[in-house]
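Chain naming here is simple, since letters A, B, ... match the order of the sequence lines and numbering starts at 1 in each. It should be emphasised that the depicted structure is a prediction, and the values quoted were computed from it without experimental measurement. For the numbers below, each heavy atom of this structure counts, side chains included, while hydrogens, waters and symmetry mates do not.
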Number of protein chains: 2
Amino acid sequence: MVRTKADAKKCCTTSETLALPDVAWAEDMAKLTWALAHPARVRIVRLLLNRTSCMCGEIVEEMPLAQSTVSQHLKILKETGLVQGEIDGPRVCYCINKEAMAKLKKLIADL
Amino acid sequence: MVRTKADAKKCCTTSETLALPDVAWAEDMAKLTWALAHPARVRIVRLLLNRTSCMCGEIVEEMPLAQSTVSQHLKILKETGLVQGEIDGPRVCYCINKEAMAKLKKLIADL
DNA sequence: GAAGCATATCGTAGATCGACGATACACAAT
DNA sequence: ATTGTGTATCGTCGATCTACGATATGCTTC
């Protein structure tokens, strides 16, 4: 089972394109996936998907994290556009941005 | 347009379930999305998807990064299972782990 | 205006990331 | 065995993440 250089060559079909995908596209994808790259943020998103909307306080109650930490994660989710926050008096009502969600799903599905 | 406490209440349908998703599920999702949470790794994955397989050196050539940096990213992709590396003599042939890829797609699609 | 509640921001500390060059390792060819 | 090539690992540095408590902000109510 000695493998020669010729054998190794077989593993790579050099005729296939190697062109790098668009840098902007990659950054877009990375930004969106990064939003979900932390268990706490995944749980928050899942939580919001189960409801039409949710108050910040309710999220904090369900998470084993300090209020300030949850607020930080929410900020990240807002910055990436996955989540929207609507000020409602002294509270804030969070909900999923369905467009951003659809974009993420499409990006992954088309991968 | 003064909003009272009763109005605020409307924004949240408290009858909906608030049960947190499984922690393990969230960690699973976070691990996989984190693998794509960097533009360089997104580009590498895309590159591998365009080919049946690819040598490490070819990836390095196409990326504006040092060989050691690319190797680090590949290590992360291998650890998350998205990418497999097959030793082929002195070289390593990388390819996408289709099962892991399918799992990621399903996780996102089912979100 | 004062008090109270909900949320955001600040400041900090430790952990991890991301980049690189230098170096070690593994295999092939000589 | 030695050399050369391709890849992985090490060590380091600055930047960023994540967590927290403390504090500021904004709105409502009294």
Side-chain angles (χ1 to χ4, degrees), chain A residues 1-12 26-27 30-31 33-44 48 53-80 83-95, chain B residues 1-12 26-27 30-31 33-44 48 53-80 83-95:
Chain A
M1 269 297 280
V2 180
R3 312 192 111 220
T4 68
K5 211 158 198 169
D7 285 331
K9 203 93 187 184
K10 270 197 308 187
C11 106
C12 295
E27 285 174 358
K31 191 180 121 188
T33 50
W34 180 73
L36 290 182
H38 191 286
R41 291 197 290 272
V42 172
R43 294 172 83 191
I44 290 173
L48 292 177
S53 61
C54 192
M55 312 267 299
C56 173
E58 295 180 280
I59 301 171
V60 173
E61 275 175 32
E62 298 293 329
M63 305 281 294
L65 296 171
Q67 176 266 325
S68 58
T69 305
V70 172
S71 191
Q72 261 188 160
H73 282 303
L74 283 168
K75 187 181 179 184
I76 287 172
L77 287 170
K78 264 194 295 184
E79 280 170 0
T80 59
V83 157
Q84 288 175 315
E86 186 188 324
I87 293 170
D88 196 9
R91 316 170 191 211
V92 178
C93 209
Y94 284 101
C95 62
Chain B
M1 268 300 276
V2 179
R3 313 193 112 216
T4 68
K5 211 156 196 172
D7 286 331
K9 204 89 186 189
K10 271 198 309 190
C11 104
C12 297
E27 284 174 359
K31 191 180 121 188
T33 51
W34 180 72
L36 290 181
H38 192 286
R41 290 197 289 272
V42 172
R43 295 173 81 191
I44 291 173
L48 292 177
S53 60
C54 191
M55 311 266 301
C56 174
E58 294 179 281
I59 300 172
V60 172
E61 275 174 34
E62 297 293 329
M63 305 281 294
L65 295 171
Q67 177 266 325
S68 57
T69 305
V70 172
S71 190
Q72 262 189 159
H73 283 303
L74 283 167
K75 186 181 179 185
I76 287 172
L77 288 170
K78 264 195 294 184
E79 281 170 0
T80 59
V83 158
Q84 287 174 315
E86 186 187 325
I87 294 170
D88 197 8
R91 316 172 191 207
V92 176
C93 209
Y94 284 101
C95 61

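As a whole-Å value, the separation of A:Asp88 CG from C:dC5 P is 18 Å. Put simply, CG on A:Leu77 is 16 Å from P on C:dT7, counting in whole angstrom units. Between the NZ atom of A:Lys75 and the C1' atom of D:dA19 there is a distance of 15 Å, rounded to whole Å. One atom, CD of A:Gln72, and another, P of C:dA8, lie 11 Å apart when rounded to the nearest Å. Atom-to-atom, CD of B:Gln67 to P of C:dT23 comes out at 15 Å; the value is rounded to the nearest Å. Across the protein-nucleic acid pair, A:His38 atom NE2 and D:dC17 atom P stand 11 Å apart, rounded to whole Å. Rounding to whole angstrom units, CD of residue A:Glu79 and P of D:dT16 are separated by 13 Å. The separation between B:Trp34 atom CH2 and C:dG18 atom C1' is 10 Å, rounded to whole Å.
In this structure, A:Ser71 OG and A:Lys78 NZ are separated by 7.0 Å, a value rounded to the nearest 0.5 Å.
Between D:dT18, C:dG21, D:dA8, one nucleotide has an atom nearer to the side chain of B:Ser68 than all others, and that is C:dG21. Nearest nucleotide to the A:Val92 side chain, out of D:dT18, C:dC20, C:dA8: C:dA8. Residue A:Arg91 places its side chain closer to C:dA6 than to any other of D:dA19, C:dA6, C:dA19. Out of C:dA19, D:dT18, D:dT7, the shortest distance to the side chain of B:Leu65 is found at C:dA19. Relative to the side chain of A:Lys78, the nucleotides C:dC20, D:dA19, C:dA8 differ in distance, and C:dA8 lies closest. Closest to the B:Ser71 side chain, of the nucleotides D:dC20, C:dG21, D:dA8, is D:dA8.
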For this session: Evaluate the criterion side chain to side chain contact (heavy atoms under 4.5 Å, CB included) for residue pair A:Glu62 and A:Glu58; output intermediate values, then yes/no.
Result: CA-CA 7 Å; A:Glu62 298 293 329; A:Glu58 295 180 280; 5.8 Å; no
Exercise. Given the rule in the side chain to side chain contact (heavy atoms under 4.5 Å, CB included) test, do A:Leu65 and A:His73 qualify, once you have shown the distances and angles that lead to the verdict?
Worked result: CA-CA 10 Å; A:Leu65 296 171; A:His73 282 303; 4.3 Å; yes
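Exactly one residue among A:Leu74, A:Leu77, A:Thr80, A:Val70 makes a side chain to side chain contact (heavy atoms under 4.5 Å, CB included) with A:Arg41. That residue is A:Leu77.
When all heavy atoms of B:Met55 and B:Arg91 are compared, the closest pair comes out as CE-CD, 2.6 Å.
Taking for each of A:Ile76 and B:Thr69 the nucleotide of DNA chain D with the nearest heavy atom, the 5'-most of the two is the partner of B:Thr69. Comparing B:Cys56 and A:Pro90 by the nucleotide of DNA chain D that holds the closest heavy atom to each, the one mapping nearer the 5' end is B:Cys56.
Proximity of A:Tyr94 to the phosphate of C:dA8: a side-chain N or O atom is located under 4.0 Å from OP1 or OP2. Between A:His73 and D:dA19 there is a side-chain N or O to OP1 or OP2 distance below 4.0 Å.
Using a 4.0 Å heavy-atom cutoff across all strands shown, A:Leu74 reaches no nucleic acid atom at all.
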